[in-house]
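Residue numbers start from 1 in every chain, and the chains themselves are labelled A, B, ... in the order their sequence lines are given, proteins ahead of strands.
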Amino acid sequence: MKILILDDSKTARMFANRCLSIILSDKKLECLEAANGEEGFSLLDDNNVDLIVSDVNMPIMNGFTFLRNLKLKSDYKDIPLIFITSLANDARAENLHHLGASAVLPKPLRPADLQVALKKLNFLSEPVEQDAWGA
Amino acid sequence: MGSVNMDHIKEQVDKAIIDTLQDSAFVDVITTDKSGVSDNFKTVKIKILMPYAGSLLIQIDDKLLEQMIQNVYGNEFISDIQVGTDMLGELLNVVAGKIFELIASDVLFEISLPELIENPVIPKKAHVHHFVSPQGLGLDFYRQFDSL
C-alpha cells in the first residue's frame with residue numbers, strides 16, 4: 001500500500017508516518033513524503049498511490065488547491081484524501097468535505113481518529129486493540 | 001460571522017499549550033508568573049490573517065527546545081536549527097488551532113505559515129503566558145488579536 005503524506009512540516013510528516021505505520025502494521029506499507037502540493041503531484045506522476053494524507057496550509061501549493069487539482073485529473077480524482085489540519089473546526093471541515101475530502105482530522109493527529117477514518121475508507125478490516133502508539 | 005468567546009481565555013490557552021507540549025513533544029510544563037527564558041532562545045511566529053488580524057508567538061529556551069527535539073527525534077537532530085524551528089512551528093500551528101476552537105469554533109480562520117524570527121519584537125498589546133519545565137527551562141507564549 002502506498003500513501004502520500006503532504007505537509008511542509010517534517011515533524012508533522014513524521015508523526016503521520018509513524019501513526020500510519022502502526023495502524024497499518026499488517027500491510028506492506030510505503031509512505032511517500034512531500035512538502036507541498038506541487039511536490040505531491042510529482043510523486044503522484046511516478047507512483048500508484050492508494051491514499052493521500054495532507055495538511056491544508058502549505059507553501060507553493062496549499063491543500064485546497066491540491067485537492068481541487070486532484071479532482072480535475074482523471075488518473076487521480078478517485079484517490080481518497082484525508083486532511084490533517086490544526087484548523088479543523090466544523091466550518092473548515094464542511095468546506096473541505098464540499099471540495100471532496102474523504103475525512104478532515106484535527107492536529108495533533110490521534111491514532112484513534114485516523115483508525116476511524118481508515119476503517120470508513122475500507123483500509124482497515126478491524127480496529128487496532130491496543131494503544132496505537134505501541135504503549 | 002460566528003461569535004467569539006474570550007471568557008476564561010487565559011486558563012484555556014494555558015491548557016492548550018500544556019496539553020500540546022505533552023502530547024506532541026512529550027515535555028511537561030507548568031504556568032509561572034514570570035519568564036524563565038534565558039538569553040539563548042528561539043522565537044517562532046504565526047500571523048493571524050482572517051477574519052481577525054493578530055499574531056501568536058512562542059519564545060523558547062534553546063535547551064528546552066533541544067529536549068523536545070531529543071524526545072521526538074532522538075539524538076540525531078538535537079542541534080539542528082531547521083528541525084527545531086520546524087518542530088516549534090508545528091507546535092505553534094497546533095496551539096493556534098486549539099485557541100481558535102476555544103474562542104470561535106464556528107469561524108473560518110486563516111493563518112500564515114510559521115516563521116523563525118531572528119530579532120523578535122513583541123507586540124505592545126500582546127497577552128503573555130509564561131511556562132517553565134521541571135528543569136527550570138522557560139517558554140513564553142504571546143497572543144495578540146487586533147480587534148478582540
Are there over 12 heavy-atom neighbours, none belonging to [X], within less than 6.0 Å of that residue's [atom1]?
X	atom1	result
A:E38	CD	no
B:K47	NZ	no
A:D26	CG	yes
A:K27	NZ	yes
A:D45	CG	yes

Hey, what do you get for [atom1] ([X]) to [atom2] ([Y]), rounding to the nearest 0.5 Å?
X	Y	atom1	atom2	result
B:D23	A:L109	CG	CG	11.5 Å
A:N89	B:F109	CG	CZ	8.0 Å
B:L108	A:E94	CG	CD	9.0 Å
A:T85	B:N93	OG1	CG	7.0 Å

Next item on the list: Report yes if the side chains of A:P108 and B:K98 come closer than 4.5 Å at any heavy-atom pair, otherwise no.
Entry: yes
Next item on the list: Below 4.5 Å from any heavy atom of chain B, which atoms of A:M58 appear? Answer side chain, backbone, both or neither.
Entry: backbone
Note to self: Out of A:N95, A:D55, A:L87, return the one with the most heavy atom pairs under 4.5 angstrom to chain B.
What the structure shows: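 Highest number of heavy-atom pairs under 4.5 Å: A:L87.
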Can you hop from [X] to [Y] via hydrophobic side chains spaced under 4.5 Å?
X	Y	value
B:I58	B:V128	no
A:I82	A:F64	no
B:I18	B:F100	yes
A:M61	A:V56	yes
B:I122	B:L56	no

Next item on the list: Take B:E90 and A:K107 through the salt bridge (charged side-chain N to carboxylate O under 4.0 Å, His left out) test and state the conclusion after the steps.
Entry: CA-CA 9 Å; B:E90 184 61 12; A:K107 283 183 176 180; 2.7 Å; yes
Next item on the list: Please report the closest heavy-atom contact between A:M14 and B:Y73, naming both atoms and the distance.
Entry: SD-CE2, 3.5 Å
Notebook entry, point to check: What heavy-atom pair brings A:F15 and B:V72 nearest, and what distance separates the two atoms?
Noted result: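 Of all heavy-atom pairs spanning A:F15 and B:V72, the closest is CZ-CG1, 4.2 Å.
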Margin query: Please classify the contact between B:L91 and chain A as side chain, backbone, both or neither, with a heavy-atom cut-off of under 4.5 Å.
Written below: neither
Note to self: Please classify the contact of B:S112 with chain A as side chain, backbone, both or neither, using a heavy-atom distance under 4.5 Å.
What the structure shows: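 Only the backbone of B:S112 comes within 4.5 Å of chain A.
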Check: Does the distance from a Lys or Arg side-chain N to an Asp or Glu carboxylate O, for A:R92 and B:E110, drop under 4.0 Å?
Finding: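 B:E110 and A:R92: salt-bridged.
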Checklist line | Polar side-chain atom of A:D90 near backbone of B:D106 as donor-acceptor pair, under 3.5 Å | finding: no
Notebook entry, point to check: For the side chain of A:N57 and the backbone of B:I111, is there at least one donor-acceptor N/O pair under 3.5 Å apart?
Noted result: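 Such a contact is found between A:N57 side chain and B:I111 backbone.
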